[in-house]
Amino acid sequence: MPGLWLMKSEPDVYAFADLVRDGRTHWDGVRNYQARNMMRDGMSVGDLVLYYHSNTTPPHVAGVARVCTEGYPDHTAQDPTSHYHDPKATPEDPRWLMVDIEPVTALAEPVSLGAIKDDPFFEGMLLIQRGQRLSIQSVAPHHFRRVLELGGLDADGLLGGQA
DNA sequence: GCCAACGTTGGC
DNA sequence: GCCAACGTTGGC
């Protein structure tokens with residue numbers, strides 16, 4: 001049974017369509033310990049991800065992706081020319097991790113943040129908690145399934161019997 | 001562009 | 001260990 005997650009990206013920076021074009025990407029640049037710890041301790045190969053577009057109008061879930069590596073050192077932390085450089089990261093203590101993800105499918109219909117907020121079924125979902133801003137979140141199976149359904153996808157096909 | 005919420009840093 | 005200052009996130 002795969003783990004279920006939501007990962008945020010600004011579409012101007014790296015949209016779901018970019019992931020589809022590239023076929024796979026390093027999820028680099030995570031500089032938050034909670035998010036790092038989820039990649040380190042929580043994520044496994046085969047986990048499914050709701051790919052969320054933040055800082056756009058309206059914010060929305062755009063697609064489904066799959067985790068295809070365990071967490072491993074984020075090399076951009078040790079690159080002085082990188083926007084994500086962290087002088088405290090060293091080869092001995094890389095400090096920050098990333099995973100690779102690959103696209104599974106775009107949603108037939110994007111599911112907007114507003115639609116999620118308006119649906120009482122999503123009560124309790126981290127995404128709509130006030131003030132939360134974690135870029136990687138765990139998603140409950142019934143919430144994940146509901147997003148797929150609202151997005152016009154075959155939830156059973158993607159999740160099997162889960163939830 | 002605004003600003004609330006939150007995490008991190010660093011002086012003490 | 002406290003906490004003020006600061007930077008970032010991200011919806012609106």
Side-chain angles (χ1 to χ4, degrees), chain A residues 3-22 25-43 47-67 71-101 103-104 106-140 142-153:
Chain A
L4 301 173
W5 308 92
L6 179 145
M7 294 166 81
K8 295 179 185 174
S9 183
E10 299 187 23
D12 289 350
V13 177
Y14 197 81
F16 187 74
D18 296 317
L19 180 62
V20 171
R21 178 199 62 209
D22 295 342
T25 198
H26 312 297
W27 202 255
D28 60 6
V30 173
R31 297 293 179 268
N32 170 283
Y33 288 107
Q34 264 181 279
R36 179 202 67 181
N37 294 349
M38 281 188 276
M39 289 194 286
R40 185 187 62 195
D41 307 327
M43 279 190 178
D47 286 0
L48 293 174
V49 176
L50 296 175
Y51 196 105
Y52 179 81
H53 284 166
S54 64
N55 257 319
T56 188
T57 305
H60 61 277
V61 178
V64 180
R66 183 187 292 112
V67 175
Y72 63 101
D74 179 347
H75 55 81
T76 64
Q78 296 172 53
D79 175 359
T81 67
S82 170
H83 175 65
Y84 298 119
H85 180 233
D86 179 350
K88 292 180 180 165
T90 65
E92 296 71 33
D93 178 16
R95 203 159 138 116
W96 301 111
L97 299 178
M98 58 188 180
V99 296
D100 289 5
I101 63 170
V104 175
L107 298 194
E109 290 285 337
V111 176
S112 71
L113 180 61
I116 292 174
K117 283 183 166 173
D118 287 345
D119 186 340
F121 191 84
F122 288 108
E123 191 176 335
M125 191 180 187
L126 199 56
L127 183 68
I128 55 175
Q129 304 284 312
R130 143 192 197 82
Q132 73 69 34
R133 46 178 208 181
L134 262 184
S135 62
I136 302 178
Q137 307 177 357
S138 180
V139 177
H142 66 292
H143 288 154
F144 199 102
R145 166 174 292 268
R146 181 74 162 175
V147 171
L148 298 182
E149 289 169 354
L150 293 176
L153 296 185

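Computed from a predicted model, the values in this text were never measured in an experiment. Throughout, a chain's letter reflects where its sequence line sits, starting with A, and its residues are numbered from 1.
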**Item:** Any donor-acceptor N/O pair, A/S9 side chain to A/Y14 backbone, under 3.5 Å
**Value:** yes
**Message:** Among A/V111, A/L148, A/L127, A/L107, which residue satisfies the side chain to side chain contact (heavy atoms under 4.5 Å, CB included) criterion with A/L50?
**Reply:** A/L148
**Request:** For DNA chain C, determine which residues of residues 111-128 of chain A have any heavy atom closer than 4.0 angstrom to one of its atoms, and list them numerically.
**Result:** A/L113, A/K117
**Item:** Heavy-atom donor-acceptor pair, A/D47 side chain to A/R66 backbone, under 3.5 Å
**Value:** no
**Item:** A/T76 side chain to A/R31 side chain, donor-acceptor N/O pair below 3.5 angstrom
**Value:** yes
**side chain to side chain donor-acceptor pair (under 3.5 Å) contacts touching residues 79-88 of chain A (sequence neighbours left out)** = A/D79-A/T81, A/D86-A/R95, A/D86-A/W96
**Which residues share a ring-ring contact (aromatic ring centres under 6.0 Å, His included) with A/F16, sequence neighbours left out** = A/Y51
**Item:** Main-chain N/O of A/D93 paired to A/T90 side chain as donor or acceptor, under 3.5 Å
**Value:** yes
**Complete:** The first and last nucleotides of DNA chain C lying within contact of chain A, meaning any atom under 4.0 Å from one of its heavy atoms, run from C/dG7 to C/dC12
**Asked** A/D41 side chain to A/M38 main-chain N or O, any donor-acceptor pair under 3.5 Å?
**Response** no
**Item:** Backbone of A/L134 reached by a side-chain donor or acceptor of A/Q132 within 3.5 Å
**Value:** yes
**Request:** Residues of residues 26-38 of chain A with any non-hydrogen atom less than 4.0 angstrom from an atom of DNA chain C: list those, numerically ordered, please.
**Result:** none
**Message:** If you assign each of A/Q132 and A/D86 to its closest nucleotide in DNA chain B, which residue comes earlier from the 5' end?
**Reply:** A/Q132
**Request:** Could you list the residues that satisfy ring-ring contact (aromatic ring centres under 6.0 Å, His included) with A/F121, not counting sequence neighbours?
**Result:** A/H142
